[in-house]
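One structure is given here, and the rest of the page talks about it.
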Amino acid sequence: MRAHLARVDAVLVQAVIAAALSFAHLHDLASAAGQDGWKAWAYPVSVDLLLVAAWRRLRSGRDRAAGWCWFLVALAASLGANIATAGLLDLGDVPDWLRILVAGWPALAFLGGTLLAHTTHEPPAEPAAEQSTGPEIAEPVPAPSAPTAPELPVPSATSVPAALVEHARKIATAHQERTGTPIDTPTLRARLGVPAPLAEQIAAQLT
């Protein structure tokens, strides 16, 4: 446990030292580029916040390309300030291109921080359900059959009413007198309005 705490304490001390030196270098460079007062102190904060936002995006595991892009931008700004203030640049006579970079940094840092902090990661879309290749054809439903009339029982020869036979004989006699030929079964059936089997039985009794 003590070894672990010592290792953690060493890392924290190193981080505090690096942050303090980088903070001071960025402040000195911003001040030399014409950013006086509180503005010079805001530049180091802006760079550090962009580094933190980029690192959080990398740790989240989503859109790592954007995280690495803005992390390298913030790291270049921090390293550039450290190198520039190490005696390689005359802080009393800062070149114009460096003044332009320092003046444009707030807008760049704001863009990067906004993209890193407020860009949501869309989850992969669910695979679409398989679509049918054509419209489903409903199986034809058989139409209900029309009710059929119940078949009347055909009476036997002995059950034909005598009145019906007598009426048929009159029709047959009148037909023969009018046409000169005996009446046939279809004509008798049509005149009586009875089923064919019954008409055949009546015609058989007329002969």
Side-chain angles (χ1 to χ4, degrees), residues 45-77 100-101 103-207:
V45 176
S46 175
V47 174
D48 291 343
L49 288 178
L50 185 58
L51 277 172
V52 172
W55 179 247
R56 287 176 60 87
R57 175 58 64 90
L58 292 175
R59 290 291 301 275
S60 67
R62 54 187 174 87
D63 199 7
R64 297 176 65 89
W68 275 114
C69 175
W70 291 107
F71 182 81
L72 292 177
V73 170
L75 185 62
I100 295 174
L101 288 179
W105 171 258
L108 183 63
F110 175 77
L111 175 63
T114 302
L115 294 177
L116 291 173
H118 297 287
T119 301
T120 58
H121 178 67
E122 295 292 338
E126 293 292 335
E130 295 182 0
Q131 298 180 354
S132 58
T133 56
E136 295 183 359
I137 301 177
E139 296 183 0
V141 179
S145 57
T148 57
E151 296 183 358
L152 297 175
V154 179
S156 60
T158 57
S159 63
V160 177
L164 183 59
V165 175
E166 186 64 26
H167 179 62
R169 184 173 285 110
K170 292 179 181 180
I171 293 175
T173 302
H175 177 80
Q176 187 170 3
E177 291 177 354
R178 186 176 63 257
T179 61
T181 58
I183 191 170
D184 55 357
T185 303
T187 304
L188 181 63
R189 173 178 176 274
R191 296 289 301 275
L192 293 176
V194 295
L198 180 59
E200 291 177 356
Q201 292 183 11
I202 296 176
Q205 294 189 30
L206 293 180
T207 56

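Everything numeric in this text was worked out from a predicted model, so none of it was measured.
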Can you give the donor-acceptor pairs under 3.5 Å from side chains of residues 187-200 to other protein atoms, not counting sequence neighbours?
residue	atom	partner	partner atom	Å
Thr187	OG1	Asp184	OD1	2.4
Arg189	NE	Val194	O	3.2

#### Entry: Smallest separation among heavy atoms of Ala168 and Ile202, with atom names
CB-CG2, 3.4 Å
### Query
Within a strict 4.5 Å, meaning less than it, do heavy atoms of the Leu101 and Trp105 side chains meet?
no
### Summary
Tightest non-hydrogen contact, residues Gly113 and Leu50, listed as N-CD1, 3.7 Å
### Task
Please name all residues satisfying side-chain contact (heavy atoms from CB on, under 4.5 Å) with Leu72, sequence neighbours left out, ordered by chain then number.
none
### Message
Strictly by side-chain hydrogen bond (donor to acceptor under 3.5 Å, both in side chains), give each pair with a member in residues 161-171 just once, sequence neighbours left out.
### Response
Glu166-Arg169
### Nearest heavy atoms of Thr185 and Ala203, plus distance in Å
OG1-CB, 3.8 Å
### Task
Determine whether His175 and Arg178 make a side-chain contact, defined as any pair of heavy atoms from C-beta on separated by less than 4.5 Å.
yes
### Message
Under the criterion side chain to side chain contact (heavy atoms under 4.5 Å, CB included), I'd like the reasoning laid out for Leu75 against Trp70: C-alpha separation, chi angles, the key distance, then a yes or no.
### Response
CA-CA 8 Å; Leu75 185 62; Trp70 291 107; over 6 Å; no
### Query
Looking only at heavy atoms, what is the nearest atom pair of Ala54 and Gly67, with distance?
CB-O, 3.5 Å
### Query
What are the two closest non-hydrogen atoms of Pro106 and Ala103, and how far apart are they?
CD-O, 3.3 Å
### Summary
Tightest non-hydrogen contact, residues Val47 and Ala74, listed as CG1-O, 3.6 Å
